[in-house]
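Whatever order the structure lists them in is the order used to number ligands and atoms, beginning at 1.
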Amino acid sequence: MALLDVTDLEIAVAAGGKLLPVVRGVSFAIEENETLGIVGESGCGKSLTSLAIMGLLEGSQVRITGGSIQFDGRELTTLSAEDRRAIMGDQMAMIFQEPMTSLNPVYRIGDQIVETLRQHRDMTKGQARDRAIELLDLVRIPEPTRRVDSFPHQMSGGQRQRVMIAMALACDPKLLIADEPTTALDVTVQKEVLDLMADLQTRTGTAIVLISHDLGVIAETCDKVAVMYRGKIAEAATTRELFSNMSHPYTRGLLNSIPVVDHDVEWLEAIPGRVPTIDEVLPGCAFHPRCPLAEDRCNAEDPAPRDVANGHAVRCHFAGGAA
Ligand code: SF4
């Protein structure tokens, strides 16, 4: 069994007395030491999927309405709040997009790491502080013995994201979910943070789910990819297979909209239109209003995933040849 096994996950938002589906029948699995990239535009359901795995939807208008999330042999959707708290931050951890809103601005960063450690490990304050310094060193914060006493606002954006990574890795989690961890960073710092995560994975064997809207980042860092569109997986494959045999028009649209630095283009291609809102009812393929290949059938019939190669599934009527 995989370390994380998500099967037919359904998530809905409660609004106006109705439940509006936002994630529909999503399935994927990830093994130890593996990195899965989940890619798609804003509003495709990738962050809600990760919040559901972490149990962070509780108390919101958003809820899991079906499917299963198995982690290390345990079903998470039915776990008590107490059992879930014991797992979170210990066996599973998350890095969020904007560290300034995730770190507490009135506590020193060292104290925030110490708190995480003492919540899950039997450590004295002194032992936890020593470990916090080690972790800051591990994520390449310069002068960790001094910076452990810094407040978040005294660090740069890249350093704050490293602190978030140090906190997430404090208890050597088996699974790390990184939700757009580099979006708020400039390109050189972005690369350093991604390299750091890859390096840490090599040392610890942690499985990583990397959520991004950027196929370039996914191509560089992930073993396999799931492309999400309007709450469903549109295309899934190993990274090598996906980039050598990109089959869904949406995935190709995402790739074509990445700027290429080695030749001039007059206009950058963009996918026309926008992701439909959750209350829009769309019969047929959800991508059909934006798809350059749409035919009459697409407006009426929702495509099922088709296998175009071993383990490469594409949700399009015409993937791999005529339907
Ligand atoms: Fe485009 Fe039709 Fe394929 Fe949907 S099913 S992606 S609309 S060609």
Side-chain angles (χ1 to χ4, degrees), residues 6-13 20-29 36-49 66-67 210-219 222 224-260 265 267-323:
V6 176
T7 311
D8 289 330
L9 182 66
E10 304 273 342
I11 301 175
V13 177
L20 303 172
V22 281
V23 168
R24 310 149 196 242
V26 162
S27 300
F28 57 81
L36 165 73
I38 302 183
V39 69
E41 293 163 286
S42 299
C44 285
K46 50 195 196 311
S47 291
L48 285 179
T49 301
L210 176 65
I211 307 221
S212 180
H213 63 273
D214 186 338
L215 265 181
V217 166
I218 296 281
C222 298
K224 53 190 190 181
V225 189
V227 181
M228 283 189 76
Y229 186 74
R230 218 204 178 204
K232 292 183 179 175
I233 294 184
E235 183 161 13
T238 62
T239 308
R240 182 184 288 253
E241 163 64 19
L242 187 109
F243 282 88
S244 59
N245 184 20
M246 207 166 263
S247 300
H248 197 285
Y250 178 59
T251 317
R252 289 200 290 261
L254 288 178
L255 187 73
N256 291 340
S257 58
I258 297 175
V260 181
V265 285
W267 289 101
L268 203 54
E269 280 193 44
I271 303 172
R274 54 167 178 78
V275 180
T277 56
I278 56 170
D279 54 349
E280 282 178 70
V281 178
L282 274 182
C285 173
F287 191 54
H288 82 257
R290 309 174 73 189
C291 182
L293 305 181
E295 296 188 12
D296 288 348
R297 179 182 179 189
C298 305
N299 309 352
E301 263 179 69
D302 190 12
R306 301 178 75 179
D307 269 336
V308 295
N310 197 12
H312 184 172
V314 185
R315 195 180 280 272
C316 172
H317 291 308
F318 310 110

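Among all heavy-atom pairs drawn from Val281 and Pro283, the shortest one is O-CD, 3.8 Å.
Under the salt bridge (charged side-chain N to carboxylate O under 4.0 Å, His left out) criterion, Glu241 pairs with no residue, sequence neighbours left out.
Put simply, the residue from Thr238, Thr251, Leu255 that forms a side-chain contact (heavy atoms from CB on, under 4.5 Å) with Phe243 is Leu255.
Looking at Ser27, its side chain does come within 3.5 Å of a backbone N or O of Asp8 through a donor-acceptor pair. The backbone N or O of Met246 lies less than 3.5 Å from a partner atom in the side chain of Arg252, making a donor-acceptor pair.
Tally of protein N, O or S atoms closer to atom 4 (Fe) of ligand 1 than 2.8 Å: 1.
Using a 4.5 Å heavy-atom cutoff, the side chains of Phe318 and Glu295 are in contact.
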